[in-house]
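Quick notes on the structure that follows.
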Amino acid sequence: MHDVRLVRERLDDLREAMRRRDALDALGPQLDRCEGLERERRLLIQAVEERKAARNAGSQEVARRKRAGEPADDLIASGRALGDEIGRLELELGDAERSLATILLEVPNITLPDVPAGDESNNVIVRSWGDPRPSEGVRPHWDIAAQYGLFDLERAAKISGSGFAVFRGAGSRLVRALLNFFLDVHTREHGYEEVWTPVLVNRGSMTGTGQLPKFEDDAYKIADDDLFLIPTAEVPVTNLYRDEILDGAELPKAFTAYTPCFRREAGSAGKDTRGILRMHQFDKVELVRYCAPEQSETELATLLGHAESILQRLGIPYRVKLLAAGDTGFSSAKTYDLEAWAPGVGAWLEVSSCSTFTDFQARRANIRFRPAKGEKPRFVHTLNGSGLAFPRTLACILENYQQPDGAVLVPEVLRPYVGSDRIG
RNA sequence: GGACAGGUGGCUGAGUGGUUGAAAGCACCGGUCUCGAAAACCGGCGUACCGGCAACGGUACCGUGAGUUCGAAUCUCACCCUGUCCGCCA
């Protein structure tokens, strides 16, 4: 959510930001409406407060006269008239504020100046790591998994539906290994505090991080209780400090969490239908950081480095992609995707997405910090990134570590967790 | 799910419908005293919005939302949360 002052003072900047996202056609008229609504809102606030001040003064005088035993019927009558008027004006004010909020809650964040404008064709590969293994002779992960019984999509479809997976045997053990390996690295070497959170969250949390109101159709919802299954651990972890004021000396704060993630993938029909590349439920270890605005630039680099470190330890070649404004998520101001090489499917798979949200989420979730004693609270900056998503990482491991005899070597760093050095 | 008891400022904790943004204490900040510190004493100490260059003025906020009233922390209703007991349950 944007500061209303942006509408008042820098509406052109907001328009330009939407243009860079290729969203001006859709949002331009809405922004124009905001300008009028904002003006109307302020006039109504002034009108209401003026009358409230008069009513308060009148009430004081009523109290004084009653104590003095004097009549106050005239003041009570004028107070009642003021009250009626205030009621009417407040209805109008409520309408204006709701209309304004409805629009503003659906305006995406402003991307940073170094984010390229336009759609995904303007994404930039900023660097890459490792030597991508040629695809020749490498089977896709679903073939490997079928041979060694690593996961069972047919039975998952029977018990849940398409887009769900049952991992079994060595496959299940690999998932558990990823979970422990990722969390161990982030807590022991990268300085994150580990948290284990609910995966069912309320509407306020989903709105705080920006999934709602615009993307309600993408989320699994428990209608009876107005709860949502989290699409990412970003939601519960970022909302940890919703409506709080943090001590500036504590910043930056860093959290890592393992959670399952649930996505309806509405609009993704027909994409990545083979294997486990796009699931309704998948597992992920997430990294979340809170920092002061001045730190967020370096914090993003730090976060990205932590995610990259996992791929390097696993020995999986990857590339770092800076997303163009039009490809950048709703709440994000700047996003780097980490794409790992999957020789079997012959594609770069997005295994992590690292973003800074500047103060966009903090404003929605009301997360502030006090820079120093006696100073005014300011909004924090929030960042998050996957470190990493399990299914695609698993696919990359199977395909990169496939041996000529068909077996799969277990990456060195995972061996203590898996308990063996090969599958097959 | 049922029955009680509660939800007030960073914390503890008062608060008869009418100078209550809210007593008091703690914590915190500044000052006096001191060689320094502690103690004592004095003063300060919430957030947001509206207007104003500013000084400052105004409005709102005592779990949330409605309602009664000239006026609500205080009365009414609904909801949420916490605690305790019962039921159920991994």
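Protein chains get the first letters and strands the later ones, always in sequence-line order, with residue 1 at the start of each.
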**Q.** Comparing A/R80 and A/R370 on RNA chain B - which has the more 5′ nearest nucleotide
**A.** A/R370
Q) Any idea which heavy atoms bring A/P377 and A/I245 closest together, and the distance? A) CG-CD1, 4.0 Å
Q.
Please give the distance between the P atoms of B/A14 and B/G63 as a whole number of Å.
A. 15 Å
(Q) Suppose you measure atom P in B/A60 against the same atom in B/U20; what distance do you get, rounded to whole Å? (A) 15 Å
(Q) Any strand counts, and the cut-off is 3.5 Å on both contacts for Watson-Crick or G-U wobble. Which nucleotide pairs with B/C70? (A) B/G18
(Q) Measuring only between side-chain heavy atoms, which start at C-beta, is A/F255 closer than 4.5 Å to A/T238? (A) no
Q: Tell me which of A/R67 and A/G79 sits closer to the 5' end of RNA chain B, going by the nucleotide each one is nearest to.
A: A/R67
Q: Specify the residues of residues 234-244 of chain A, ordered by number, for which at least one heavy atom lies under 4.0 angstrom from an atom of RNA chain B.
A: none
Q: Kindly say if A/Q46 contacts the phosphate of B/C50, meaning a side-chain N or O under 4.0 Å from OP1 or OP2.
A: no
Q: Ignoring backbone atoms, establish whether A/R368 has a side-chain N or O less than 4.0 Å from OP1 or OP2 of B/A48.
A: yes
Q.
Need the pair for B/C53. Rule: Watson-Crick or G-U wobble, both distances under 3.5 Å, any strand; none if unpaired.
A. none
Q. Does the side chain of A/N109 come under 3.5 Å of the side chain of A/S331 through a donor N or O and an acceptor N or O?
A. no
Q. When rounded to the nearest Å, what value does the distance between P atoms of B/C45 and B/G57 take?
A. 13 Å
Q. Any salt bridge (Lys or Arg N to Asp or Glu O under 4.0 Å) pairs touching residues 156-173 of chain A, not counting sequence neighbours?
A. A/D152-A/R168
Q | Pair of N/O donor and acceptor under 3.5 Å linking B/G58 base with A/E49 side chain | A | yes
Q | Residue of the set A/F282, A/F182, A/F390, A/Y192 for which ring pair (Phe, Tyr, Trp, His ring centres under 6.0 Å) holds with A/Y258 | A | A/F390
Q | Integer angstrom distance from the P of B/C62 to that of B/C56 | A | 26 Å
